[in-house]
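Notes to accompany the following structure.
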Amino acid sequence: MHNHTPKPASAHKSPPLKGNARVPGDKSISHRSFMFGGLASSETRVTGLLEGEDVLATGRAMQAMGAQIRKEGDTWIINGTGNGCLLEPEEPFDFGNAGTGARLTMGLVGTYDMKTTFTGDASLTKRPMGRVLDPLRQMGVQVEAAEGDRCPITLRGPRTANPISYRVPMASAQVKSAVLLAGLNTPGITTVIEPIMTRDHTEKMLSGFGAKIEIEEDADGTRHIHIHGQGELRGRTIEVPGDPSSAGFPLVAALIVPGSDIIIENALMNPTRTGLITTLQEMGGQIDIINMRDAGGEDVADLHVRASDLKGIVVPPDRAPSMIDEYPVLAVAAAFAEGETYMDGLDELRVKESDRLAAVARGLKANGVECHEGEMSLTVKGVPGGKGLGAVSAQAVVETHLDHRIAMAFLVMGMASEKAVHIDDATMIATSFPEFMDLMRGLGADIQVSE
Ligand code: S3P
């Protein structure tokens with residue numbers, strides 16, 4: 001999707017949203033399914049995989065290193081190479097827009113005695129990779145990178161990597177995962193120390209594939225994750241649950257469009273991912289968690305959501321890791337709440353697919369919402385009912401900066417604003433939620449895309 005032609009889109013005040021919606025598979029678990037399945041010996045079968053651009057790029061990277069991947073009916077069938085047996089790819093990897101694909105794969109292959117090159121689109125090549133390259137350098141990996149450790153990056157692994165103990169300096173599941181994956185191809189025990197818990201899909205899934213992984217937790221909650229290198233990984237069956245980050249869009253839309261009443265089916269309820277639901281419930285959102293069940297070792301549930309009178313709150317900063325991708329849509333919910341919502345601890349938002357803190361603040365202002373952007377905080381003053389909200393002028397178009405979540409969040413805003421909300425480009429939505437337009441329109445949303 002490099003140098004694509006932008007597809008502007010608009011969302012208009014919509015009738016009550018009604019019906020059931022099933023969001024696509026979780027992006028984090030889908031990336032890891034291709035990676036771990038592609039690495040394990042024997043067969044892995046995956047259902048519910050997110051077929052978004054980001055995940056497909058990870059699948060192609062694994063194929064380029066020797067994994068066999070095919071689809072039969074609804075099932076993806078992966079025959080992996082075996083741990084330690086990835087092949088040197090012939091071409092550079094192009095991860096498009098995907099930070100998770102690029103960073104986790106750097107960890108996965110960095111310790112191999114081979115050369116790999118990583119690149120991506122105009123968003124990915126601006127994002128900091130030093131957070132992954134620093135621990136890899138300690139493990140013996142040679143790095144050639146553009147200034148500031150940005151892509152394109154070439155890695156050359158050592159003959160034998162060095163196991164390390166690494167304290168992750170920021171709350172990042174990607175950094176944690178990259179080091180653990182590098183540890184898979186390293187003799188001895190590699191340890192990751194995680195002071196603030198982030199999504200734990202890598203740990204859970206690797207142990208499901210048979211990796212030897214031990215986790216200890218200190219009294220203050222710091223986690224010490226030890227992975228034993230060079231063990232065998234065996235293929236398995238994976239049922240990917242619905243992505244709670246994607247669920248956030250119909251969820252907030254139903255809360256703010258008056259008269260709405262919907263059910264979102266099959267959302268992952270892993271506690272490292274449910275911060276948005278907790279926060280919206282504290283704001284007065286009527287969200288009932290129903291049919292809680294186990295799906296392949298993860299809790300999933302359906303969410304019954306009804307339009308609600310929201311009130312502004314202070315969002316605890318320590319909740320940020322469990323809802324890090326949900327702040328754009330939370331800020332939209334806050335724009336319809338009574339009073340002010342204060343969100344803090346948002347420094348990581350500056351290094352996502354775009355500087356999300358700046359992009360959200362600018363988008364809100366372009367649509368008549370009073371807000372204040374701090375260094376790592378955002379304050380939003382809500383307008384219950386959305387009276388007067390929407391494009392402040394004909395030129396007021398939200399700039400999405402190649403960021404799928406900025407695009408979706410502002411389309412949700414338009415569904416409940418008095419005037420339409422316009423975005424400059426809806427193309428990137430395909431990276432994480434290709435069904436977004438159809439799913440939202442199926443619930444009753446009034447969205448138009450110019451082709
Ligand atoms: C992800 C981790 C998070 C998140 C991203 C997916 C993952 O990134 O924002 O969308 O799958 O590990 P960070 O590790 O940068 O917080």
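In listed order, ligands and their atoms are each counted from 1.
Summarising the contacts of atom 11 (O) of ligand 1 with Ala98, Pro128, Ser28, Ser30, the nearest heavy atom is found in Ser28. Among Arg32, Met323, His31, Lys27, the residue whose heavy atom lies closest to atom 7 (C) of ligand 1 is Arg32. Distances from atom 5 (C) of ligand 1 to the heavy atoms of Val351, Asp325, Leu104 show the closest one on Asp325.
Taking CG from Leu357 and CD from Glu375, the interatomic distance works out to 9.0 Å, rounded to the nearest 0.5 Å.
Between the Asp424 side chain and the Thr400 main chain, a donor and an acceptor come within less than 3.5 Å of each other.
For the ligand labelled ligand 1, residue Ala171 lies inside the 4.0 Å heavy-atom shell.
With respect to the salt-bridge test (charged N to carboxylate O, under 4.0 angstrom), the residues Arg293 and Asp302 qualify. Ionic pairing of Asp26 and Arg273 is present here: one or more N-O contacts between side-chain nitrogen and carboxylate oxygen are shorter than 4.0 angstrom. Note on Asp403 versus Lys352: no salt bridge recorded, every NZ/NE/NH1/NH2 to OD/OE distance being 4.0 Å or above. The pair Glu298-Arg199 does not meet the salt-bridge criterion, since no charged nitrogen lies less than 4.0 angstrom from a carboxylate oxygen.
The nearest heavy-atom contact from the protein to atom 6 (C) of ligand 1 is Thr100 OG1, 3.3 Å.
Heavy-atom contacts of Ile324 reach the following atoms of ligand 1: 9 (O) (cutoff under 4.0 Å). Near Ser172, meaning under 4.0 Å from one of its heavy atoms, ligand 1 places the atoms 13 (P), 14 (O), 15 (O), 16 (O).
Residue Lys352 places at least one N or O, backbone or side chain, under 3.5 Å from an N or O of ligand 1.
If you check the side chains of Thr198 and Lys176, you find a donor sitting under 3.5 Å from an acceptor.
Residue His201 does not touch ligand 1, judged by heavy-atom distances below 4.0 Å.
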